[in-house]
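Here, residue 1 is the first one in the sequence, and each next residue gets the next number.
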Amino acid sequence: MKALLTILSVFLVACSGPGGESTAGQDATVFDPLTGTMDRAAGVEDTLRESDAARRREIDAAQGL
């Protein structure tokens with residue numbers, strides 16, 4: 001299940017559009033798109049972990065643990 005979630009998150013990040021917008025007052029570098037992608041991947045990973053934890057709590061509650 002973890003492998004599937006990892007593959008899914010990588011796929012979602014790979015399919016998302018470019019997010020290399022630089023903030024005002026900063027010079028753009030060639031690494032801006034990469035760091036933006038890494039930030040989005042971290043956000044997806046956090047979302048998946050929260051979803052997994054909620055699902056585990058629901059399962060535990062249903063089993064009476």
Student: Looking only at non-hydrogen atoms, find the nearest pair between Thr29 and Asp32 and report the distance.
Tutor: N-OD2, 3.1 Å
Student: Pairs under 3.5 angstrom only: tabulate donor-acceptor contacts from the side chains of residues 56-65 to other protein residues two or more places apart or in another chain.
Tutor:
residue, atom, partner, partner atom, Å
Arg56, NE, Asp52, OD1, 3.4
Arg56, NE, Asp52, OD2, 3.0
Arg56, NH2, Asp52, OD2, 3.4

Student: Who passes side chain to side chain contact (heavy atoms under 4.5 Å, CB included) against Thr47, sequence neighbours left out?
Tutor: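 Checked Thr47 against side chain to side chain contact (heavy atoms under 4.5 Å, CB included); zero matches.
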Student: Report the residues that fulfil side-chain hydrogen bond (donor to acceptor under 3.5 Å, both in side chains) with Ser51, sequence neighbours left out, ordered by chain and then residue number.
Tutor: none
